[in-house]
2 protein chains.
Amino acid sequence: MQKKYLTIYDDLVDKIKAGIWPVNTLLPSENDLTNRYETSRETIRKALNLLSQNGYIQKVRGKGSIVLDAHKFSFPVSGIVSYKELTKQLNITSNTIVQELSYMETPSALQELVNIEGNVWRAVRIREIDGEKIILDKDYFSEMHVPFPTKEICEDSIYQYIEEELGLTIGFAQKEIVVEEPTKEDYELLSLEGFSNIVVIKSHVYLDDTSLFQYTESRHRPDKFRFIDFARRI
Amino acid sequence: MQKKYLTIYDDLVDKIKAGIWPVNTLLPSENDLTNRYETSRETIRKALNLLSQNGYIQKVRGKGSIVLDAHKFSFPVSGIVSYKELTKQLNITSNTIVQELSYMETPSALQELVNIEGNVWRAVRIREIDGEKIILDKDYFSEMHVPFPTKEICEDSIYQYIEEELGLTIGFAQKEIVVEEPTKEDYELLSLEGFSNIVVIKSHVYLDDTSLFQYTESRHRPDKFRFIDFARRI
DNA sequence: TCAGTCAACTTGTATATACATGTTAACCGA
DNA sequence: TCGGTTAACATGTATATACAAGTTGACTGA
């Protein structure tokens, strides 16, 4: 089954981006859209609620759905997005250096924290942008869920491998952003001349069956770090 | 009308926090809850989808709704939350110093950026925690929406004033987190000895009629900064 | 015993209806 | 002309029904 409300959502996103309905104007009413897409109002409302959650429209009772400035809000660094997807969205050309790819027992420091049973494998990758080494990604995956991969997979996209090759479904993530002092490793592997801080994004990523399968530290040079979030009240 | 799905949501949140349904167990099924709350399944589903969005449960088709570890995810710094609400949630005792409260024409630097018509008023507040000046909040409000307030309001909660006294409804916000070098003002007003970076959260906050009414820069000492986000894939 | 089937659950999607509630503009009467 | 009323229309909430699709465990038959 192709989910009707998702195809309608995608269609509306395309049309908003194409400027069919300019910013600050109203979308057609729910009843109008119900007729256009030959569906029920509830299905239209599901699609519109997705648009609202993702910052494309603001629904106002009695008036309609106002189109927001998508350009301002089209930089979603919140959410779960792989680095490959991110570079594609932002139109960045980037080079990934696989610094380390190893198999190990779960470090005791991570044991409690990560709560991964069995062994893990670890990937350390450097993201190079415009010839500068900006980001250091340190990933731990539980082998229970994700078998040891090849270097090629790590150079491309581990998430693509996990979702498309292994058929796993990523459910949710808990992310924490803090600022730390760089470690020796940071100074060795990144272009950190003159910087005395590093932004660290620590993520616990879970499958849809709620099992933890990944812990990641993404370490960013502070001047290149930017996090954008769209939030709604209540 | 009291929204039934919201009262059910609040009730379920309370019960999950109270441990009625332990972590990693299943909630009663949707049909079961439908009977318990004497409502329809769609209403239960609205409440459950809210729980899912806010990280309390993971819904799995064919199985049920799994209770997630609320303690891990109970630090929602994403979303739109006032500083007063935040300190209450985190059980922090904090002191607010109103450094400046002024009325001015919209600065030309903000004119384009903020797109506020007419004049603005500006509040500069220092947040003191454990005797240390940790956060510098610089707020700009359009007088068109928010009349010039008293010092007492700024010491308490501007948001409470806006929502409860003025009856305005906050709709959404666009937030950007970056790391900058501290300005002279930062060094003067905050306890920044030995720090060469500052974390800046820049927010554009809109009413539910999509009009911009506030621009804020919240400047945090890096060692005390922590941002936590719960995200779902897709 | 064991493998396979199937029934009885679960959540997900789609539709229809009714009424509540907020917005807007046309209309009407003083 | 002006102000209030009201009808038409917008979205929000609640309910009911039907079927799709994933999970689980019991049952059946070889």
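Small disclaimer: the values here were computed from a predicted structure and weren't measured. Order of the sequence lines fixes the chain letters, A, B, ..., with proteins taken first and strands second; residue numbering starts at 1 for each chain.
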Tell me whether the side-chain N/O atoms of B:K3 come closer than 4.0 Å to OP1 or OP2 in D:dG12.
no
Nucleotide C:dT11, atom C1' - distance to CG of B:N31 in whole Å:
9 Å
List for me each residue that meets ring-ring contact (aromatic ring centres under 6.0 Å, His included) alongside B:H220, sequence neighbours excluded, and say none if there are none.
B:F225
Nearest-Å distance, CG (B:D208) to P (D:dT11)?
15 Å
With sequence neighbours excluded, what pairs up with A:K88 under the side-chain contact (heavy atoms from CB on, under 4.5 Å) test?
none
OP1 or OP2 of D:dA10 sitting under 4.0 Å from any side-chain N/O of A:S65?
no
In residues 33-42 of chain B, which ones come under 4.0 Å of DNA chain C, going by heavy atoms?
B:R41, B:E42
Mind checking what makes side-chain hydrogen bond (donor to acceptor under 3.5 Å, both in side chains) contact with B:R127, not counting sequence neighbours?
B:T96, B:D137
Interatomic distance where CG belongs to A:L27 and C1' belongs to D:dC9 [whole Å]:
16 Å
Looking only at the aromatic ring of each residue, does the gap between the centers of A:F230 and B:F172 stay below 6.0 angstrom?
yes
Rounded to whole angstroms, how far apart are NZ on A:K4 and C1' on D:dA20?
14 Å
Pick out the pairs of N or O atoms, protein on one side and nucleotides 22-24 of chain D on the other, that lie under 3.5 Å.
| residue | atom | partner | partner atom | Å |
| --- | --- | --- | --- | --- |
| D:dG22 | N2 | B:G62 | O | 3.2 |
| D:dT23 | O4' | B:G62 | O | 3.3 |

Candidates D:dT11, C:dT11, D:dT15 - which lies nearest the side chain of A:R45
D:dT11
Counterpart residues, side-chain hydrogen bond (donor to acceptor under 3.5 Å, both in side chains), relative to B:Y161 (two or more places apart):
none
B:L6 CG to D:dG12 P, in whole Å, measures 13 Å
Holding to side-chain contact (heavy atoms from CB on, under 4.5 Å), I want the full list of residues that pass it with A:Q99, two or more places apart in sequence or in another chain.
A:V124, A:I126, A:L189
Which residues satisfy the side-chain contact (heavy atoms from CB on, under 4.5 Å) test with B:K46, sequence neighbours excluded?
B:Y5
Set out, line by line, the N/O atom pairs under 3.5 Å between protein and nucleotides 3-8 of chain C.
none

Mind calculating the distance between NZ (A:K59) and P (D:dT13) to the nearest angstrom?
9 Å
Is the centre of the A:W121 ring less than 6.0 Å from the centre of the A:Y103 ring?
no
A:Q2 CD to C:dG12 P: how many Å, rounded?
19 Å
What is the separation between atom CG on B:L48 and atom P on C:dG12, rounded to the nearest whole Å?
9 Å
For B:T93, all residues meeting side-chain hydrogen bond (donor to acceptor under 3.5 Å, both in side chains), sequence neighbours excluded:
none
Rounded to the nearest 0.5 Å, what separation is found between the OG atom of B:S157 and the OH atom of B:Y83?
12.0 Å
Sequence neighbours left out, what passes side-chain contact (heavy atoms from CB on, under 4.5 Å) with A:D10? Give chain and number order.
none
Using a cut-off of less than 4.0 Å, is there contact between a side-chain N or O of B:S29 and OP1 or OP2 of C:dC9?
no
Using residues 162-169 of chain B as the side-chain source, report each donor-acceptor pair under 3.5 Å to any protein atom, sequence neighbours left out, with the distance given to one decimal.
| residue | atom | partner | partner atom | Å |
| --- | --- | --- | --- | --- |
| B:E163 | OE1 | A:R233 | NH2 | 2.9 |
| B:E163 | OE2 | A:R233 | NE | 3.0 |

Under 4.0 angstrom between A:Y5 side-chain N/O and C:dA14 OP1 or OP2:
no
